[in-house]
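Hydrogens, waters and symmetry mates are skipped; everything else that's a heavy atom, side chains included, is used.
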Amino acid sequence: MKLRQKVIFLAITPLILALFAIALAVRHQAGTLAQQQRDTIQQAYLASKEAELKHYVALASHSVAQLYDSGRKDPATLAEAKRILSALSYGDDGYFFIYDMRGNNLMHPRQPELVGQNLWELKDQDGNPTIQRLLQRARAGGGLERYFWVKPSTHKAAPKLGYVIAMPDWGWMLGTGIYLDDVDQALAKIDAQQSGNIDNTMLWIAAIAIASALAVGSSGLALNISELRVADAKLKALAQRVVESQEEERARLSRDLHDGISQWLVSIKLQIEAGIIRLTGDAGQRQAAQAVFEHTAEQLNNVLGEVRRISHNLRPAILDDLGLAAALAHLAEEVTLSSATPVHFSAEGATDSLPDMANTVLFRIAQEALTNIGRHAGAGRIDINLAGDAAGVSLTVRDDGAGFDADGIALHPQRGIGLRNMMERMEAIGGRFDISSSAAGTTVLARAHNHGTPT
């Protein structure tokens, strides 16, 4: 995976994980809130139904209160009370029922077949003795009781909430109830709506996550394209400068060979030919030929020195043989002798830990810096310091000459080629390059890291 792809991946992954965590938290909180809301609604709904049942039973007892308070217990009075109560209803599944205290059904408007039967032993689908529990509740002063009973509208057993009271003067238990399956259906509808809302929220979060990932990916792609274009332009400019530098180096080498070595070799050739002619003459001419050959040998030494100078400029052998510190010391001596400007070199710490490429780059930077100082600074003193530590090696070239606008020169399209070359050389090995200049002088700092690893 490329670096840019890793950056995009590392940008998108935390975003997706954060949105996923948010989605889980939202879903958990929404589920908790939905359950709390369901419980609240259920409690409120049941509380209203319980109050409603109490009102129904109170209404039923009031409808026969005149008969009950009369103290009469004759069959006619009881039959009249049953008639009145059987006529009271509220909906298809809302009715009143009467049992005596022994479990005999005395009235059931929706299931008349139960009238006259003893249901003391009747148990619901959970095995609970339904009539016994209702009678027990009535004897305790009346109240609410949950049980299962056949629902008239569906003819199926359903959970029911009943409310019963005792009518001790007549030996009755009067009660009514509501079926809770309607409550369960209403709560199930609420659950479905809440679940739909939660699912919609999750879809929104997923859509936001996808849109965010696409936005980050698109931005990264656009940035990559932009960076690739900039890098391509820089690469082309660098390639052009490399070609120009090569041509300049070839032209310089051609001038050195033509103006120096070539002229000397032509002169040596002519002198050798003249000496050979004189060797065939008398003793005086042979003596003169000896002087010619001695002068020719001296010129050959000059030619060898020039060849060594050119070779040293191309790549000094001392850099490979003795290392960077020795090569810089030799370079300082050469510049001192050739320019009459004193160049002082100092080294401290371990300076031989760099790879060959880094050594070459630092040496070339020192060469370029000394060349620029000689051409433009008019310095009276030059100091070169090479310092090494566990992390890398630093090269400092400092002069006391006239300063210049370093930033302006670096950005100039036609000037500052040497300065840009130094910067690009350090960038190529992952090093750091700084330059500061003022009227008091200029300081060039180049730092290369061991094995090319910045610290």
K.L.:
Please determine whether a side-chain nitrogen of the Lys or Arg among Asp124 and Arg146 lies less than 4.0 Å from a carboxylate oxygen of the Asp or Glu.
P.N.:
no
K.L.:
Can you find a pair of side-chain heavy atoms, one from Leu386 and one from Leu324, that are under 4.5 Å apart?
P.N.:
yes
K.L.:
Please determine, by modelled atom types, if Asn197 and Gln193 share a side-chain donor-acceptor pair under 3.5 angstrom.
P.N.:
no
K.L.:
Determine, stepwise, if the pair Leu174 / Leu85 fulfils side chain to side chain contact (heavy atoms under 4.5 Å, CB included).
P.N.:
CA-CA 9 Å; Leu174 173 63; Leu85 292 174; 3.9 Å; yes
K.L.:
Between the side chain of Arg137 and the main-chain N/O of Leu144, is any donor-acceptor distance below 3.5 Å?
P.N.:
yes
K.L.:
Spell out, as yes or no, whether a donor-acceptor pair under 3.5 Å connects the side chain of Asp389 to the backbone of Ala391.
P.N.:
yes
K.L.:
Any non-hydrogen side-chain atom of Val164 less than 4.5 Å from a side-chain atom of Leu135?
P.N.:
no
K.L.:
Ignoring hydrogens and geometry beyond distance, is a side-chain donor-acceptor pair present between Ser153 and Asp92 at under 3.5 Å?
P.N.:
no
K.L.:
Quick check: are there more than 12 heavy atoms from other residues, nucleotides or ligands sitting under 6.0 Å from CZ of Phe20?
P.N.:
no
K.L.:
Would you name the heavy atoms of Ala209 and Ile16 that are closest together and state the gap between them?
P.N.:
O-CD1, 3.9 Å
K.L.:
Just by modelled atom types, is the Arg102 backbone N or O under 3.5 Å from a matching donor or acceptor in the Asn118 side chain?
P.N.:
yes
K.L.:
So, does Ser195 use its side chain to make a donor-acceptor pair with the main chain of Ala192 at under 3.5 Å?
P.N.:
no
K.L.:
Looking at Asp100, is its backbone amide N or carbonyl O close enough to the side chain of Asn104 to form a donor-acceptor pair, meaning the two atoms are under 3.5 Å apart?
P.N.:
no
K.L.:
With a 6.0 Å cut-off (strictly less than), is the heavy-atom count around CH2 of Trp120, excluding the residue itself, greater than 12?
P.N.:
yes
K.L.:
Give the C-alpha distance, both sets of side-chain angles, the deciding distance and a yes or no for side chain to side chain contact (heavy atoms under 4.5 Å, CB included) between Ile131 and Tyr99.
P.N.:
CA-CA 9 Å; Ile131 305 303; Tyr99 288 84; 3.6 Å; yes
K.L.:
Can you confirm if the aromatic rings of Tyr68 and Trp170 lie within a centre distance of less than 6.0 Å?
P.N.:
yes
K.L.:
Could you pull out the closest heavy-atom pair between Met173 and Ala138, with the gap in Å?
P.N.:
CG-CB, 3.7 Å
K.L.:
Does Ser63 use its side chain to pair, donor to acceptor, with the backbone of Ala60 at less than 3.5 Å?
P.N.:
yes
K.L.:
For Gln117, I'd like to know if atom CD has over 12 heavy atoms of other residues, nucleotides or ligands within 6.0 Å.
P.N.:
yes
K.L.:
Taking Lys73 for the side chain and Asp169 for the main chain, is one N or O donor matched with an acceptor at less than 3.5 Å?
P.N.:
yes
K.L.:
Quick one: does His330's side chain have a donor or acceptor within less than 3.5 Å of a partner on Ala326's backbone?
P.N.:
no
K.L.:
Distance only, no hydrogens: is a donor on one side chain within 3.5 Å (strictly under) of an acceptor on the other, for Tyr95 and Ser86?
P.N.:
no
K.L.:
Only counting residues at least two apart or in another chain, list the ones meeting side chain to side chain contact (heavy atoms under 4.5 Å, CB included) with Ala206.
P.N.:
none
K.L.:
Kindly determine whether Leu180 and Lys160 satisfy side chain to side chain contact (heavy atoms under 4.5 Å, CB included), including the steps that lead there.
P.N.:
CA-CA 5 Å; Leu180 299 178; Lys160 188 175 183 178; 5.9 Å; no
K.L.:
Does Ile435 form a side chain to side chain contact (heavy atoms under 4.5 Å, CB included) with Leu445? I'd like the steps, not just the answer.
P.N.:
CA-CA 6 Å; Ile435 183 168; Leu445 173 63; over 6 Å; no
K.L.:
Quick one: list whatever passes side-chain hydrogen bond (donor to acceptor under 3.5 Å, both in side chains) with Lys151, sequence neighbours left out.
P.N.:
Asp181, Asp182
K.L.:
When rounded to the nearest 0.5 angstrom, what is the spacing between CD in Gln132 and CG in Leu134?
P.N.:
10.5 Å
K.L.:
Return yes when atom CD of Glu113 has more than 12 non-hydrogen atoms of other residues, nucleotides or ligands closer than 6.0 Å, and no otherwise.
P.N.:
yes
K.L.:
For a 4.5 angstrom cut-off between non-hydrogen side-chain atoms, does Arg432 reach Asp434?
P.N.:
yes
K.L.:
In Å, rounded to the nearest 0.5 Å, how long is the span from OG1 of Thr336 to NE2 of His344?
P.N.:
7.5 Å
K.L.:
For the pair Arg425 (side chain) and Thr360 (backbone), establish whether a donor and an acceptor sit closer than 3.5 Å, ignoring hydrogens and angles.
P.N.:
no
K.L.:
Any side-chain heavy atom of Glu145 within less than 4.5 Å of one from Asn128?
P.N.:
no
K.L.:
When you measure from the side chain of His62 to the backbone N and O of Ala65, does any donor-acceptor pair fall under 3.5 Å?
P.N.:
no
K.L.:
Decide yes or no for Val343 and Leu331: does some side-chain heavy atom of the first lie under 4.5 Å from some side-chain heavy atom of the second?
P.N.:
no
